[in-house]
Amino acid sequence: MDLDDQARRVLTGNDQGGYTIPAAGLYPYQWNWDSAFAAWGFSTFDVDRAWTEVETLFSAQWENGAVPHIVFHRPDPGYFPGPEVWGTHRTPPTSGISQPPVAATLIRKVYEADPDAGQARLAALYPKLLAWHRWWRTHRCHSGVVAITHPWESGRDNCPGWDIGLANVDASGVGAYTRMDTQHVDPSMRPGKLDYDRYVAIVQFGRECGWDQDEIVARSPFLMADPATTFILIRANRDLAVLARRIGEDPADPEHWADELEAALPEIWNEDLRSYDARDLRSGRFANTLACGAFLAWLAGSRAPGMEERLMGVWNRVRYGIPSSDPSGPGFDARRYWRGPSWPFMNALIAIGLHEAGRMDEYERLRRETAAVITRGGFHEYFDPYDGTPCGGSDFTWTAAIWLAWAGRG
Ligand code: DGY
């Protein structure tokens, strides 16, 4: 069977009927940004199913506009922390945080795959997308750029950038719990115990606040500015404005929100590091870590003097795609989740930016390096950036999706 067929089999195999799980065992529910990538993958062979994926996700939207990072459609004892830990008391149960808003950007691709088929569905989804983007602006952009209230909200859980913020989190009262992730994949490829205790402690804090967003932002032990989510939201607002025009809606709000975010970017430019950088919003301190999120500047059409040379220097240290953190920086670990591995879906997002910046050699290099690890190692979650060893979960939805939509289109 050729790789395209295998990729389609991964998507249809992970399809639970209306939504797709990221990977069997490890992630048995619907995850927010995974689903947006699933939709992009489905759009290469089943546009109707692509729309259904995001419609199911948005059916769990909160009244305040938030789109949760996990929707617990059906109980599954194989995952921790499940709905009872989050305690959001919703139907269907959901987590209490969000995840990077890539949906508008990828829905635009789904729409463009077949505008006639997508017209009515886009019109129905548009107000929900707009409400979600408004939620980001109201509840996460207090300082201008995007703040995250939990490392999971960034989707890049144990990236070294969060270490200084996590150091403020007291996990001594977290109590006993059993991790499930390390029963599904090699523990040396997952976040460490102290990180996990702190993740759980922040969830417990949110639950104690009844998931009141004002209180969480005011008092949470963890609040950090995230370059990656900021770039993603700038881009998503621009894409949302394009989509607005296609259905005769006024694009003024998303355009204005993108402009505001762009104007705030100097807040996360770390001149010492010569890169965009995460920042602890409680202390104002920079993380001093160069992560793959900095490469998403191109996705947002942003530049800063010296940025490109610096980013290329980091990429040139490895062989297989963009490392999730700088190999010469603090906390790098080539196979541990977001502390070093190269993630195919992240490469795909970065490549969209390279393409639009006209950096075609780099675009093609990134596609080639991503295709090489998938061809050799299969549809894994992430890969060692030095030797391409497959890591994390296998038969992974978004890796298969980006193969169909991008990496496999050589
Ligand atoms: C996990 O369970 O590791 C997820 O990243 C949380 O969203």
Side-chain angles (χ1 to χ4, degrees), residues 14 19-38 57 60 66-73 75-88 93-103 148-162 166 169 171 174 177-207 211 222 226 228-229 232 291-293 324-325 333 335-341 343-346 380-382 391-394 396-399:
N14 287 338
Y19 72 94
T20 312
I21 56 172
L26 186 59
Y27 300 115
Y29 303 108
Q30 183 174 27
W31 260 260
N32 184 323
W33 68 338
D34 294 74
S35 265
F37 281 95
L57 175 69
V67 181
H69 102 292
I70 307 176
V71 187
F72 301 104
H73 291 287
D76 191 309
Y79 181 79
F80 176 86
E84 63 294 340
V85 181
W86 289 93
T88 58
T94 71
S95 68
I97 57 172
S98 198
Q99 222 171 17
V102 290
I148 51 156
T149 58
H150 193 301
W152 288 342
E153 200 158 59
S154 77
R156 296 172 358 272
D157 306 4
N158 64 336
C159 150
W162 311 138
L166 281 173
V169 179
V174 87
Y177 65 93
T178 306
R179 274 177 77 166
M180 300 304 289
D181 58 322
T182 44
Q183 304 190 15
H184 297 293
V185 302
D186 180 344
S188 71
M189 296 176 178
R190 293 288 302 177
K193 161 138 178 67
L194 181 57
D195 283 342
Y196 230 83
D197 284 353
R198 286 167 164 162
Y199 301 154
V200 175
I202 308 170
V203 171
Q204 291 171 342
F205 174 83
R207 193 183 57 203
W211 300 105
F222 182 92
D226 180 12
T229 308
I232 286 169
C292 58
S324 40
S325 81
D333 185 335
R335 297 191 183 172
R336 196 184 286 278
Y337 212 38
W338 286 97
R339 296 184 90 82
W343 288 67
F345 90 93
M346 183 57 78
H380 268 261
E381 190 177 8
Y382 42 99
C391 299
S394 57
F396 222 88
T397 289
W398 60 14
T399 308

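Since the structure is predicted, the reported quantities are computational estimates derived from the model, not experimental observations. Start at 1 and go down the list; that is how both ligands and their atoms are numbered.
Any N or O atom pair closer than 3.5 Å counts here, and Trp31 shares at least one such pair with ligand 1.
In this structure, the salt bridge (Lys or Arg N to Asp or Glu O under 4.0 Å) partners of Arg339, at least two apart in sequence or on a different chain, are Asp163. Partners of Arg190 by salt bridge (Lys or Arg N to Asp or Glu O under 4.0 Å), not counting sequence neighbours, listed by chain and number: Asp181.
One option in Phe80, Tyr199, Tyr79 has a heavy atom closer to atom 6 (C) of ligand 1 than any other, and that option is Tyr79.
Side-chain contact between Ile148 and Phe222: present, with at least one pair of heavy atoms (C-beta onward) separated by less than 4.5 Å.
Remark: ligand 1 atoms within the under-4.0 Å shell around heavy atoms of Tyr337 are 3 (O), 5 (O). For ligand 1, the atoms lying closer than 4.0 Å to a non-hydrogen atom of Tyr27 are 1 (C), 2 (O), 3 (O), 4 (C). Ligand 1 places these atoms under 4.0 Å from at least one heavy atom of Trp152: 6 (C).
Trp152 and His69 have parallel rings, their planes meeting at less than 30° on a 0 to 90° scale where 60° marks the start of perpendicular.
Nearest to atom 7 (O) of ligand 1 among the protein's heavy atoms is His69 NE2, 2.7 Å. In this structure, atom 3 (O) of ligand 1 lies nearest to the protein heavy atom Arg190 NH2, 2.7 Å. In terms of protein heavy-atom proximity, atom 5 (O) of ligand 1 is nearest to Asp157 OD2, 2.6 Å.
Look at Asp226 and Arg156 and you find a salt bridge, because one of the NZ, NE, NH1 or NH2 atoms lies within 4.0 Å of a carboxylate O, short of that distance.
Applying the side chain to side chain contact (heavy atoms under 4.5 Å, CB included) test between Trp338 and each of Ser324, Ser325, Pro160 identifies Ser324 as the sole match.
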